[in-house]
Amino acid sequence: MDTMNDKLTIALTKGRILQETLPLLARAGIASLEDISTSRKLVFATNRPDVQLVVLRGTDVPTYVRYGAADMGIVGKDILLEQGADGLYEPLDLGIARCRLMTAARVGWKSNGARIRVATKFVNITRDYFAQQGIHADLIKLYGALELAPIMHLADVIVDIVDTGNTLRANGMEPLEQIAAISSRLVVNKAAMRSRYAAITRIIADLTAAVGESANATP
Ligand code: PRP
């Protein structure tokens, strides 16, 4: 397997974001030589001999890019807000995988003014948010299925990604406050931006044009 590090490496987020990322990359002139969505491989050669793709969990994308193991990455703003963006440039909002980071609770739930228990994957964002509101929140870190926490009386409130709202509705919950509007962002390793300036700025320009095409195509 050729993972030579003279290739420019772009780290992609697997899952829902990937389905919107691949067409955008294709419009920017970068296409995997094999079908990423059906392969178990993690490293993919592309039609451009100087560019390879790796596919990761979103939470790991900033780490790969921060350490320079990948030169660039595509990752949700939620993860960047949660982890901080040290060592990264964030030159482009790709406008894909748009959703909202929200508080939510069981339908009709009202705070009684006392401290509340909040379940989330996003503990840093959540701590800052409730501190700004002057609300004392006890945080409970979970890794998934957050909507179960209020049902099982583990927490009063959750902080989670809301897209269609179907998951909340299906579990007797309702959105309350929006904390942040989320979309996927292009991130670039700061050192790579200097050492591989020409290649990286070309990809940023191609992706910027591809994002513009998508925006114009939206009715
Ligand atoms: C996210 C989020 C919600 C759901 C919201 O989970 O945690 O559960 O999507 O989408 P909706 O508003 O359209 O119902 P995801 O499916 O990404 O899985 P995850 O729990 O692994 O993050």
Side-chain angles (χ1 to χ4, degrees), residues 10-25 35-42 53-66 70 73-85 88 90 93-109 116-130 137-187 214 218-219:
I10 308 175
L12 307 184
T13 296
K14 69 181 182 185
R16 265 200 273 200
I17 291 180
L18 189 64
Q19 305 316 316
E20 293 186 58
T21 299
L22 296 177
L24 192 64
L25 277 178
D35 186 350
I36 296 183
S37 3
T38 55
S39 173
R40 299 291 299 167
K41 285 173 70 172
L42 301 169
L53 307 172
V54 295
V55 181
L56 304 172
R57 288 182 75 102
T59 45
D60 292 334
V61 167
T63 308
Y64 271 73
V65 178
R66 187 172 291 121
I74 292 177
V75 64
K77 182 68 177 176
D78 51 333
I79 289 169
L80 295 171
L81 289 171
E82 177 64 16
Q83 296 188 3
L88 304 174
E90 188 192 310
D93 181 348
L94 296 167
I96 57 172
R98 288 183 188 277
C99 53
R100 290 159 291 153
L101 186 66
M102 301 198 70
T103 61
R106 298 200 77 180
V107 172
W109 177 84
I116 57 171
R117 283 184 303 172
V118 184
T120 187
K121 297 181 212 175
F122 303 99
V123 288
N124 293 322
I125 297 172
T126 301
R127 187 184 305 109
D128 290 351
Y129 174 76
F130 282 103
D138 293 320
L139 303 191
I140 300 172
K141 167 109 188 195
L142 291 176
Y143 293 86
L146 293 173
E147 296 81 2
L148 186 61
I151 294 173
M152 304 308 289
H153 305 289
L154 177 63
D156 306 302
V157 169
I158 64 172
V159 169
D160 197 11
I161 294 299
V162 179
D163 179 11
T164 61
N166 288 340
T167 311
L168 290 179
R169 273 190 293 278
N171 290 288
M173 298 184 66
E174 61 186 356
L176 298 175
E177 304 283 333
Q178 175 166 318
I179 298 176
I182 304 298
S183 56
S184 296
R185 308 301 167 100
L186 183 68
V187 290
S214 319
T218 306

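These numbers come from a predicted model, not from an experiment. In each ligand, atom 1 is the first atom listed, and ligand 1 is the first ligand listed.
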Q | R185 vs D93, salt bridge (Lys or Arg N to Asp or Glu O under 4.0 Å): CA-CA, chis, key distance, verdict | A | CA-CA 5 Å; R185 308 301 167 100; D93 181 348; 3.6 Å; yes

(Q) Tell me which residues fall inside the under-4.0 Å heavy-atom shell around ligand 1. (A) R16, K121, E147, D160, I161, V162, D163, T164, G165, N166, T167

(Q) Can you tell me which residue among I182, V187, V61 is in a side chain to side chain contact (heavy atoms under 4.5 Å, CB included) with L80? (A) V187

Q.
What verdict does the side-chain contact (heavy atoms from CB on, under 4.5 Å) test give for T59 and V75, after you've listed the backbone C-alpha separation in whole Å, the side-chain angles of each residue and the deciding distance to 0.1 Å?
A. CA-CA 8 Å; T59 45; V75 64; over 6 Å; no

Q: To the nearest 0.5 Å, tell me how far I151 CD1 sits from M173 CE.
A: 7.5 Å

Q | Residue among T120, T126, N124 satisfying side-chain hydrogen bond (donor to acceptor under 3.5 Å, both in side chains) with E82 | A | N124

Q) More than 12 non-hydrogen atoms from neighbouring residues, nucleotides or ligands closer than 6.0 Å to OH on Y129, yes or no? A) yes

